[in-house]
Amino acid sequence: MINLEEIKEQEIDFDKVYDYAEFPDKVSGRCDNCNSSYFKSSVKGGVFLCECRECSMKKSI
């Protein structure tokens, strides 16, 4: 299992949607990549998706 620190050491794939259960926020309400608190949220197919407006990192909840 890969943890978030290993992802930070690697490069974050902005085309991939990370699962919140596997990669919870390091700081609640902040992007793990750029520390922004500005997100756009959407629901599609019963999946809640949060996308950072600064760097486009995505997480499904």
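From a predicted model like this one, the values you see are computed outputs, not experimental measurements.
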Query - Any donor-acceptor N/O pair, K58 side chain to L49 backbone, under 3.5 Å - result: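 No: the side chain of K58 does not pair with the backbone of L49.
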Under a 4.5 Å side-chain heavy-atom rule over Ile, Leu, Val, Met, Phe, Trp and Tyr, are Y20 and V43 clustered together?
->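 Shared cluster, yes.
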Membership question, hydrophobic clusters at under 4.5 Å side-chain separation (ILVMFWY): are Y18 and F14 in the same one?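 F14 and Y18: one cluster.
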Roughly how far apart are M57 CE and N33 CG, rounded to 0.5 Å?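 If I round to the nearest 0.5 Å, the distance is 6.5 Å.
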Worksheet item: From K40 NZ over to R53 CZ, what is the distance, rounded to the nearest 0.5 angstrom?
Response: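 With rounding to 0.5 Å, NZ (K40) is 6.0 Å from CZ (R53).
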Where do [X] and [Y] come nearest, in terms of heavy atoms and distance?
{"X": "K59", "Y": "D25", "result": "NZ-OD1, 2.9 Å"}
{"X": "V47", "Y": "S60", "result": "CG1-CB, 3.7 Å"}
{"X": "C55", "Y": "C52", "result": "N-SG, 3.5 Å"}

Could you tell me which residues satisfy side chain to side chain contact (heavy atoms under 4.5 Å, CB included) with [X], sequence neighbours excluded, listed by chain and number?
{"X": "S28", "value": "none"}
{"X": "K44", "value": "none"}
{"X": "N35", "value": "R30"}

| task | Flag the pair C31 / Y38 as yes when at least one side-chain heavy-atom distance between them is below 4.5 Å, and no otherwise. | result |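 In short, these two side chains do not touch, never coming nearer than 4.5 Å.
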